[in-house]
Amino acid sequence: MSYKEYKNINYAEVADEVLAFWKKNDVFQKSVDEREGAETFVFYEGPPSANGTPGIHHVMARAVKDIFCRYKTLKGYQVKRKGGWDTHGLPVELQVEKELGITKEDIGNKISVEEYNAKCREAVMKFKDQWDDLTEKMGYWVDLDDPYITFEKNYIESLWHLLKKFYDKGLLYKGYTVQPFSPAAGTGLSSHELNQPGTYRDVKDTSVVAQFKVKKSDLSSKLFDGDEEVFFLAWTTTPWTLPSNGALVVGKKIKYVKVKTFNQYTFQPISVILAKDLVGKYFSEKAKNLALEDYKEGDKLIPWHIDAEYAGADLLDIRYEQLFPYVTNDDLEAHAFKVIPGDYVTTEDGTGIVHAAALFGADDYFVSKAAGVPPVVAKDDKGDDIPLVDKQGRFIAEVTDFAGKYVKEEYYSDEERKSSDFKPTDVLIAIHLKEANRAFKVEKYEHSYPHCWRTDKPVLYYPLDSWFIKTTAYKDRLVELNNTINWKPASTGSGRFGNWLENLVDWNLSRSRYWGTPLPIWVTEDRQEQKCIGSIAELEAEVKKSISAGFMTDELGEDFDLHRPFVDDIFLVSDSGKRMTREPDLIDVWFDSGAMPYAQFHFMGDDPKDANQANGGLSDVYPADFIAEGVDQTRGWFFTLHAIAVMLFDKVSFKNVIANGLVLDKSGNKMSKRLGNAVNPFETLAKYGPDATRWYMISNANPWDNLKFDIEGVAEVQRRFFGTLYNTYNFFALYANLDKFNFSESEVDESNKTESDRWIISKLNTLIGLVDDAYNEYEPTKAARMIQDFVIDDMSNWYVRLNRKRFWKGEYNEDKMAAYQSLYTCLKTIAKLAAPIAPFYMDRLYSDLNAVSGHESHDSVHLSNYPVASSELIDKALEIRMEMAQKISSLVHSLRKKEKLKVRQPLSRIMIPVLNKETEIHVKAVEELILNEVNVKAIEFLDDTSGILVKSIKPNFRKLGKEHGSRMKDISQKIGAFTKEDIAQLEASNNFELDLGDQKISLTLEDVEISSQDIPGWLVASENGLTVALDIQLSAELKQEGVARDLVNRIQNLRKDSGLEVQDKIVVQLQSSDELLKASVESFRDYICQETQANELNLVSDLEGGQALEMDEFEVAVKLDVIK
RNA sequence: GGGCUUAUAGCUCAGCUGGUUAGAGCGCUACACUGAUAAUGUAGAGGUCCGAGGUUCGAGUCCCCGUAAGCCCA
């Protein structure tokens, strides 16, 4: 058995082969089954929707999930990964409508709800094949055979079960929110619909600056100066909302002024309050400070002057007279018609005072609620509160002056609008205000306003009934438990998510749609009785009752579908015997996905932490140890998971979460199919294979940062990391096969290993621990980068390069064995450490190694165990020494470079100044390595006794700074001025009195850093305290050796060019007149022969058929003969 | 409008609790190596650490105000 050698590796092909192997041998299943009984690591899959095609960002998101599941498996946990599909919701509906060429209005007419939903059910799995394909090809291990699907009956039943729990706790209630609403279409509009192009249009509306008359009170007395009438000025582009005004909103930090002037329509003297910054908008500079007494009715210039100034905070709670006193009640009289604060008030336009009608604006609703201002409502015949505008967009009867009028002129028919005496309601309101001395300014104003995409008519913001989950009741607990969750990055948990929880509003569950989970609530017509259904059995029982009561005829069939329209055809009977109909709403799809911890297992119990499966307990799969999803899910999935778990079970549903960022194109732009900059994941995987793709994504940026995806980067990863690893393996395989190394021998004793063997093993064991930590802390990027650095820098560029000869030279002996063992161990360990990130190639690497050694009984790296770092094998001092060797070599290289002395030319010595014995011992231990690496004969150490060292000294800022902070400038200067003698004194006595004039401080050696950066008369280089001097004198012998080495090099080339095998022996004949060459050959004949595998080396005077070789300074003719 | 994130070499990213020459890879230039070879090594050039203030003996790092980009929410 020998190690597989690769001529040209195609990583994508390897991945295909490995994938086939996994499939054939059920490796994923085994990786779960073999851990049966082990501690579990619980992972939840955030369900994707298969109604769109997968993109490259899904590869990213899923790689993150996969990495930690694979890692935990290696660590011995059992990690089940149930897949899932998110199937309900608006995107599915829109796609179906697009395909069928219909709109929502056609549902129930051109197409039945039943047919429509059947279409949705098909459409939602449209691209399932592509998704499954991607999942497989990218190596994402998730159970696709038994996924949870949110439209399935069992799933929905669990949702109902949970909803009923909310209901029973009194956390499910019906209320309203202010939403975009199209009276013409009679429907609310989703934000998605409002974001359709063309919905926002510039329109000219009648805008009014209305005067709200301030009531006199203790609080408002500061606004009055005698008998004047004082008004707040508030601007609106929707005058129809003025009869519903409940409050005026000011910015606390905005400055306001009172201006004395006259009303331009009634000419009456008035005092008005508005933002100081906006005075110039309403008052002409020319009229400023004109005498008020001189004003006559109809004058063009209306005199004015600023009378007083107030802060917004001073105006709070001041009452004013209701502008349109059509309806009122005790509540309103007590709490409305006053000034309240609002952050959204600006002085960009208007008056700096904003009118709020709680029912007709989202901002208005929130500030009113926050300030405890009740909405302005009337009562209907049942005694329920109703807004002053009905659902058709008309004023109700109570608004006597405008009763029955449409609030927007576009709601009238074209004919009506053409009529000569037609006036839009906004204009009528303006006229009314002018006559009542309540209009300060009326003008047309052009602004952008949303329109209904179906009817083209303007949208109203209108209170719509909705069912809510009272999340606000659990706010504190939600925050508290969130603090126990490990968020990556932490800022998403504390910032984005934490702030969201702090500013929580109740969760609006209602959706007026067709394809989704129906709300299981039935009510009587008078709304006095309600029932919430929590299971199919319960529904069946209720249906039976209903049949007895005569409201239904048939029982539920076995295959009863819980979707619309079927649930809508069910009528229940109330406890008092009345007929009940289902509330027509569907629930927010986020409830579907947030409930997946329970619904995926058809949970119908009371406590998911119950260990008893018979009770429906989920203890071994709840809560999740780990979830990961895009940061855009913060207020989506992450929130709904958290809300349901905390509110129903007082638990967190996930302990660790990675919120990953976006995948952008290489210039940092968002990828979009429309712009054509979207990267096709299938093409990328096919070209570069999944390993390089995953490795690139993970190593390039932290998952939570946005990734600028550059395909060149994938190519680079493949070349640099995988190429190096592959080359190292191939190098190993080539010689290990020649020597038949199969690691059947016992490990070479530590004492018989070389310094570099022990070093690489030490580094490897350090790496095992560091990578383990990184994975444990959910830092995959750190893990990937550390592995990569080890492979490229330590293993390949240092260990292999330094030890190459050991692999191919000489007989198979213990030293060789040690080299093979070391490299084998490195490669096998890397395969394991990197397997979670690059699952395919690492599996192949592991298997190729293990196939020969048979060390492990596992068929796949993913069935093996994470390596254990052995602290005995870690030698920090050795790691430091080696670092010094690397630095010294680098310095010598750079000196050679400067002097144009190539490495093949041996040099006699380097000198290293050492200020302490320790450094010398360190360097001595790696002396051989350095000498070999830089081709120098000896290292000499210069210590103090040589007397030629030039020392420099600088303060240890970190230490001295802590002690003497503010004196550092002085100290630094004084130390900088130290003489040779000063340094010597400090070194000798470990004490130096530093005189700062007013103060003396004593320095020890720890307070300074002393280094030697120069040796007079020598070629010197230094870096970070290490200094090296190079002797560049060339003796005759060194020159000869240099030539000999050159000659070896040329002959080796010739061997290779002639196609000789590594083990072929040759006879060499040389002809040259050059004396140096002759001398070199004589002196170094043995060396040359050994290196070139020559049995004979002869200098001849005539050479037939020889080849001319270019040496640096002359030519030489050579002839090689192979010995057969 | 609010919240959060990011900004360091041409590009992609490191830079620990503040400490005095700001690093790596790619790319570029030059050289070397040539039995790991469609590989590899070494060196060099390349920086207003987004901008302006502040704290400090000392700021890429801490604070404040901006700018730009992105995401979420309104």
Side-chain angles (χ1 to χ4, degrees), chain A residues 8 191 342-346 348 362-363 366 489 491-500 502-503 505 630-636 659 661-662 664 666-670 696 699-702 704-710 712-713 715-717 719-721 723-724 726-735 781-782 785 788-789 792-793 796-798 800-801 804-805 807-809 889-890 892-898 900-904 933-934 954-962 964-972 1023-1024 1049-1050 1052-1053 1055-1057 1060-1063 1091-1093:
Chain A
N8 280 308
S191 58
D343 294 337
Y344 66 95
V345 180
T346 68
E348 307 257 303
D363 283 334
F366 284 114
S491 59
T492 297
S494 57
R496 190 183 281 226
F497 194 65
N499 288 336
W500 158 254
E502 291 292 344
N503 299 310
V505 295
V631 67
D632 52 329
Q633 298 282 330
T634 309
R635 285 139 152 98
L662 265 71
L664 308 169
K666 65 176 177 181
S667 333
N669 301 311
K670 212 174 160 177
Y696 164 72
S699 66
N700 190 59
N702 282 315
W704 38 88
D705 290 331
N706 289 347
L707 173 70
K708 289 181 197 162
F709 188 91
D710 185 358
E712 288 299 317
E716 184 187 323
V717 158
R719 244 192 349 260
R720 213 173 120 68
F721 174 64
T724 303
Y726 152 81
N727 270 327
T728 306
Y729 166 79
N730 241 16
F731 172 83
F732 166 82
L734 174 69
Y735 295 108
T781 306
K782 278 190 184 159
R785 286 175 181 173
Q788 184 168 306
D789 288 348
I792 296 171
D793 296 337
S796 172
N797 289 351
W798 192 249
V800 171
R801 197 159 53 79
R804 253 151 68 185
K805 275 192 182 161
F807 290 88
W808 51 262
K809 208 171 170 183
S889 302
S890 165
V892 175
H893 279 307
S894 107
L895 286 171
R896 276 180 171 276
K897 167 96 188 160
K898 252 179 228 155
K900 294 196 189 307
L901 287 163
K902 56 187 183 180
V903 180
R904 256 201 310 264
E933 174 67 10
V934 299
K954 70 176 184 182
N956 179 346
F957 281 93
R958 198 186 282 265
K959 184 164 184 295
L960 286 174
K962 283 220 170 69
H964 305 290
S966 59
R967 306 308 304 269
M968 276 311 287
K969 242 178 200 144
D970 272 357
I971 297 174
S972 171
E1023 185 197 331
N1024 284 333
N1049 165 247
R1050 303 300 193 273
Q1052 295 286 37
N1053 285 348
R1055 279 185 63 114
K1056 203 175 152 194
D1057 291 346
L1060 270 62
E1061 293 298 321
V1062 175
Q1063 56 273 30
E1091 290 296 310
T1092 60
Q1093 313 237 39

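Any value given below was found using the heavy atoms of this structure, including those in side chains, with hydrogens, waters and symmetry copies removed. Letters A, B, ... are given to chains in the order of the sequence lines, protein chains preceding strands, and every chain is numbered from 1.
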Check the interface with nucleotides 65-68 of chain B: list each N/O to N/O pair with the protein under 3.5 Å, or write none.
none

Protein-nucleotides 2-6 of chain B N/O pairs closer than 3.5 Å?
unit_1 : atom_1 : unit_2  : atom_2 : d
G3(B)  : O3'    : N499(A) : ND2    : 3.1
G3(B)  : O2'    : N499(A) : ND2    : 2.8
G3(B)  : N2     : R496(A) : NH2    : 3.4

Between the protein and nucleotides 41-47 of chain B, list every N/O to N/O distance that falls short of 3.5 Å.
unit_1 : atom_1 : unit_2  : atom_2 : d
G41(B) : OP1    : N797(A) : OD1    : 2.9
G41(B) : OP1    : N797(A) : ND2    : 2.4
A43(B) : OP1    : S890(A) : OG     : 2.6

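What separates CZ of R804(A) from C1' of A36(B) is a distance of 6 Å, to the nearest Å. Rounding to whole angstrom units, CE of residue M968(A) and C1' of G18(B) are separated by 13 Å. Between the CD1 atom of I971(A) and the P atom of C57(B) there is a distance of 12 Å, rounded to whole Å. Summarising the geometry, the separation between CZ on R1055(A) and P on U37(B) is reported as 16 Å, rounded to the nearest angstrom. Atom pair L707(A):CG and G70(B):P shows a separation of 16 Å (rounding to whole Å applied). At whole-Å resolution of the value, CZ in F731(A) and C1' in U34(B) are 14 Å apart. Distance OH (Y696(A)) to C1' (G25(B)): 13 Å, rounded to an integer number of Å. The CZ atom of F709(A) sits 13 Å away from the P atom of C13(B) (whole-angstrom rounding).
For the P atom pair drawn from G58(B) and A45(B), the interatomic distance equals 31 Å after rounding to whole Å. When the C1' atom is compared between G19(B) and U6(B), the two are found 27 Å apart, to the nearest whole Å. Atom P of C33(B) sits at a distance of 44 Å from the matching atom of G51(B), rounded to the whole Å. For the P atoms, the distance linking U29(B) with G23(B) amounts to 24 Å, nearest Å. Spacing of P atoms, C4(B) relative to C65(B), comes out at 12 Å, to the nearest Å. Distance check on atom C1': A68(B) versus A59(B) gives 23 Å, rounded to whole Å. A24(B) and U17(B) have their C1' atoms separated by 23 Å, with the value rounded to a whole Å. Nucleotides C62(B) and C28(B) place their C1' atoms 37 Å apart, quoted to the nearest Å.
Looking only at distances, a side-chain donor or acceptor of T781(A) sits under 3.5 Å from a matching main-chain atom of A701(A). The backbone N or O of G661(A) sits nowhere less than 3.5 Å from a side-chain atom of N706(A) that would complete a donor-acceptor pair. In this structure a side-chain-to-backbone donor-acceptor pair under 3.5 Å is missing from Y696(A) to A715(A). Distance alone, capped at 3.5 Å, places no donor-acceptor pair between the R801(A) side chain and the E933(A) backbone. In terms of modelled atom types and a separation under 3.5 Å, the side chain of N702(A) and the main chain of W704(A) share no donor-acceptor contact.
At a threshold of 4.0 angstrom between heavy atoms, the contacts of S796(A) include nucleobase atoms, whether or not backbone atoms are also involved. Among the heavy atoms of the strands lying under 4.0 Å from G961(A) is at least one base atom, whether or not backbone atoms are also near. No contact: K959(A) has no heavy atom under 4.0 Å from any strand. D363(A) comes within 4.0 angstrom of sugar-phosphate atoms only, judged by non-hydrogen atoms across all strands, and of no base. Backbone-only contact: N1049(A) has heavy atoms under 4.0 Å from sugar-phosphate atoms and none from a base. No contact: D793(A) has no heavy atom under 4.0 Å from any strand. Across all strands shown, R904(A) has heavy atoms under 4.0 Å from sugar-phosphate atoms exclusively, and none from any base.
The salt bridge (charged side-chain N to carboxylate O under 4.0 Å, His left out) test applied to K959(A) returns E963(A), D1007(A), not counting sequence neighbours. The salt bridge (charged side-chain N to carboxylate O under 4.0 Å, His left out) check on R635(A) picks up nothing, with sequence neighbours excluded. The side-chain contact (heavy atoms from CB on, under 4.5 Å) check on N797(A) picks up I792(A), D793(A), with sequence neighbours excluded. Scanning for ring pair (Phe, Tyr, Trp, His ring centres under 6.0 Å) contacts around F721(A) gives W695(A), with sequence neighbours left out. Every residue two or more places apart in sequence or in another chain that forms a salt bridge (charged side-chain N to carboxylate O under 4.0 Å, His left out) with R904(A) is listed here: D1046(A). N727(A) meets the side-chain contact (heavy atoms from CB on, under 4.5 Å) test with no other residue; sequence neighbours excluded. Residues satisfying the side-chain hydrogen bond (donor to acceptor under 3.5 Å, both in side chains) criterion with N700(A), sequence neighbours excluded, are absent altogether. A search for side-chain contact (heavy atoms from CB on, under 4.5 Å) contacts involving F807(A) returns F731(A), Y735(A), Y799(A), N803(A), A819(A), Y820(A), L823(A), not counting sequence neighbours.
When the nearest nucleotides of RNA chain B are assigned to F366(A) and N702(A) by heavy-atom distance, the more 5′-ward of the two goes with N702(A). Heavy-atom distances to RNA chain B give each of L664(A) and N700(A) a nearest nucleotide, and the one nearer the 5′ end belongs to N700(A).
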Study note, to complete from the structure: Parsed dot-bracket for RNA chain B after applying the Watson-Crick and G-U rules with both distances under 3.5 Å and | for other-strand partners is (((((((..((((.....[...)))).(((((.......))))).....((.((..]....)).))))))))).
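Distance from the side chain of A701(A) is smallest to C13(B) among A36(B), C13(B), G19(B). Among the nucleotides C13(B), U17(B), A36(B), the one closest to the side chain of N727(A) is A36(B).
Counting all heavy atoms, side chain and backbone alike, T634(A) lies closest to R496(A) at OG1-CD, 3.5 Å.
Of the side-chain N and O atoms in K708(A), none sit less than 4.0 angstrom from OP1 or OP2 of A69(B).
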